[in-house]
Amino acid sequence: MKYALTRRHFGQLTVGLVALGVPKLGFAQTIAFANPSLLEQPETLGSLVSAATEGGSSSVIEGLVLVDVRSREEFEAGHIPGAVHLDPDAVAAPHSPVKGALMGIADLEALLGGLGIAADRRILFYDDRGGFHASRMLWLMEYMGHRNVAVLNGGWSAWQEVGGRITTDPAVAVPAVFQSAVSPRRHASAADVLDHRDSPDAVLIDVRPSHLYAKGHIPWAVNIPWSQNLGEDGRFLQAGELLAHFESQGVSPEKDVIIHCQTGVASSHSYLGLRLLGYPRVRVYHRSWAEWGSDPALPKATS
């Protein structure tokens, strides 16, 4: 525990120094993530899974709920031992006029509790898209007040690359009672985006691919595609590289940041990136362009 706290404080210190304008020479090689617990490395998880499954014992890791956020077909073809399945779009309201809009809180609590998610457990999500779907779940858990949550760095591909164990045996979820404590500071509405427009210390990030941004976007949004958070290995960039990437686009630690995408999924990937770096004010406009682009009263631009 002492080591983890030291890493956290060091990461917060270095991000703070950058915000104060201290020279950044060598930071890309030396800074640590302020919140490293939000990423689980496949090598570390591999050791935990091996210990849990050794000698034919249960594949369940005590205190951990491992959630596979891929398609049902992919899950059934092979998954990490002990994982339960969650469809990538399971948290979206099925009949909402805004594609990707979340279900109501009570329905989300029931869904997540059915997976075994509870306040006293660490929750780890993985997918096969570099954290695309898993990050949405991380943001959602933080929005609903659960902080002990992480994404598997590199997801399913990284798990295979490190030789992680794979099974087709179905995992049985142990249902729990999940009670949320919604954190408004993690969420933004269209009204918040409008109010954000003329604030000198604010920045709005559109994480969609550049061709979608060019077709239509919020006029004051800066386009920083979510895929740029990843290195060639499909894992998140190192802390210094990720910080330099965002700062080069004007997204510095002292900014009040709102992030959006098309349907409220990809925005969470950059949310995770900024949370890893310790940015203190980061929100997701989860109804995103699906809502904004279809409302004729809201301002739009093309480029």
Can any side-chain N or O of Ser270 pair as donor or acceptor with the backbone N or O of Ser267 at less than 3.5 Å? no
The side-chain hydrogen bond (donor to acceptor under 3.5 Å, both in side chains) partner of Tyr271 among His286, Arg283, Arg136, Glu142 is Glu142
Testing the basics here: between Thr168 and Glu76, what is the closest heavy-atom pair and its distance to 0.1 Å? CG2-O, 3.7 Å
Single hit among Asp107, Leu111, Ile105 for side chain to side chain contact (heavy atoms under 4.5 Å, CB included) with Glu109: Ile105
In terms of side-chain heavy atoms, does Asp206 have a donor or acceptor partner in His217 at a distance below 3.5 Å? no
Where do Ile123 and Leu115 land on the side chain to side chain contact (heavy atoms under 4.5 Å, CB included) test, with the steps shown first? CA-CA 10 Å; Ile123 317 302; Leu115 296 173; over 6 Å; no
Looking at every heavy atom in both Ser199 and Asp201, which two are closest together, and how far apart are they? OG-OD1, 2.7 Å
Would a distance-only check, ignoring hydrogens and angles, find a side-chain to backbone donor-acceptor pair under 3.5 Å from Gln262 to Arg208? no
What's the spacing between Leu64 CG and Arg121 CZ if we round to 0.5 Å? 10.5 Å
Using atom types as modelled and distance alone, determine if a side-chain donor or acceptor of Asp128 lies under 3.5 Å from a backbone N or O of Trp156. no
Salt bridge flag under 4.0 Å for residues Arg129 and Asp127: no
In this structure, CG of Leu272 is separated from CG of Leu138 (nearest 0.5 Å) by 5.5 Å
Taking all atoms of both residues into account, what is the closest heavy-atom pair of Gly114 and Ala173, and its distance? O-CB, 3.5 Å
Measure the CG-NE2 distance between Asp87 and His133 for me, rounded to the nearest 0.5 Å. 8.5 Å
Decide yes or no on side chain to side chain contact (heavy atoms under 4.5 Å, CB included) for Ile218 and Arg197, but give the supporting numbers first. CA-CA 10 Å; Ile218 300 173; Arg197 180 175 191 170; over 6 Å; no
Gap separating the CZ atom of Phe33 from the CG atom of Leu277, nearest 0.5 angstrom: 6.0 Å
Count the heavy atoms of every other residue, nucleotide or ligand shown that sit under 6.0 Å from CD of Gln179, and state whether that count exceeds 12. no
Cluster overlap Ile258 with Val282, hydrophobic side-chain contacts below 4.5 Å: no
Check whether the side chains of Ser71 and Glu74 place a donor and an acceptor atom closer than 3.5 Å, and report yes or no. yes
Could you check whether any side-chain N or O of Tyr213 sits under 3.5 Å from a backbone N or O of Ala221, counting only pairs where one atom can act as donor and the other as acceptor? yes
Is Trp289 linked to Leu298 within one hydrophobic cluster, defined over Ile, Leu, Val, Met, Phe, Trp and Tyr using a side-chain heavy-atom separation of less than 4.5 Å? yes
Quick check: do Val151 and Met137 have side-chain heavy atoms less than 4.5 Å from each other? no
Looking only at the side chains, is there a donor atom on one of Tyr285 and Glu291 sitting less than 3.5 Å from an acceptor on the other? yes
If every non-hydrogen atom of Lys99 is compared with every non-hydrogen atom of Ala290, which pair is closest and at what distance? O-CB, 3.7 Å
With the side chain counted from C-beta on, respond yes when Leu112 and Met144 share a heavy-atom pair under 4.5 Å apart, and no when they do not. yes
Nearest 0.5 angstrom please: Lys215 NZ to Ser210 OG, how far? 11.0 Å
Using only atom types and a distance under 3.5 Å, with no angle test, would you say the side chain of Asn153 pairs donor to acceptor with the backbone of Phe236? yes
Distance, nearest 0.5 Å, that separates NE2 of His211 from CG of Asn223: 10.5 Å
Are Asp68 and Tyr126 side-chain neighbours, meaning at least one heavy-atom pair lies under 4.5 Å? yes
Is there a path of hydrophobic side-chain contacts, each under 4.5 Å between heavy atoms of I/L/V/M/F/W/Y residues, joining Leu140 to Val98? no
Are any of the side-chain heavy atoms of Ile61 and Leu45 separated by less than 4.5 Å? yes
Salt-bridge test for Asp295 and Lys300: reply yes if a basic N is under 4.0 Å from a carboxylate O, no otherwise. no
Could you tell me whether a side-chain N or O of Asp195 sits under 3.5 Å from a main-chain N or O of Asp192, the two making a donor and an acceptor? no
Could you give me the CA-CA distance, side-chain angles and deciding distance for Ile205 and Leu274, then say whether side chain to side chain contact (heavy atoms under 4.5 Å, CB included) is met? CA-CA 12 Å; Ile205 304 175; Leu274 294 177; 4.3 Å; yes
Backbone N or O of Arg186 within a donor-acceptor pair of the Trp139 side chain at under 3.5 Å? yes
Distance-only donor-acceptor check, side chains Arg122 and Asn148, under 3.5 Å: yes
How far apart are the C-alpha atoms of Ile166 and Trp159, what are their side-chain angles, what is the distance that settles it, and do they pass the side chain to side chain contact (heavy atoms under 4.5 Å, CB included) test? CA-CA 9 Å; Ile166 296 173; Trp159 181 254; 4.1 Å; yes
Closest non-hydrogen atom pair between Thr53 and Arg165, with its separation: OG1-NH1, 2.6 Å
If you take all heavy atoms of Pro299 and Pro219, which pair is closest and at what distance? O-CD, 3.4 Å
Donor-acceptor pair, distance only, cut-off 3.5 Å: does the side chain of His269 make one with the backbone of Gly130? yes
Between Trp292 and Val257, is there a shared hydrophobic cluster once you connect ILVMFWY residues whose side-chain heavy atoms come closer than 4.5 Å? no
Just one of Glu254, Lys255, Gln249 clears the side-chain hydrogen bond (donor to acceptor under 3.5 Å, both in side chains) bar with Ser252, so which one? Glu254
Between Val251 and Trp220, is there shared hydrophobic-cluster membership here, with clusters defined by ILVMFWY side-chain heavy atoms closer than 4.5 Å? no
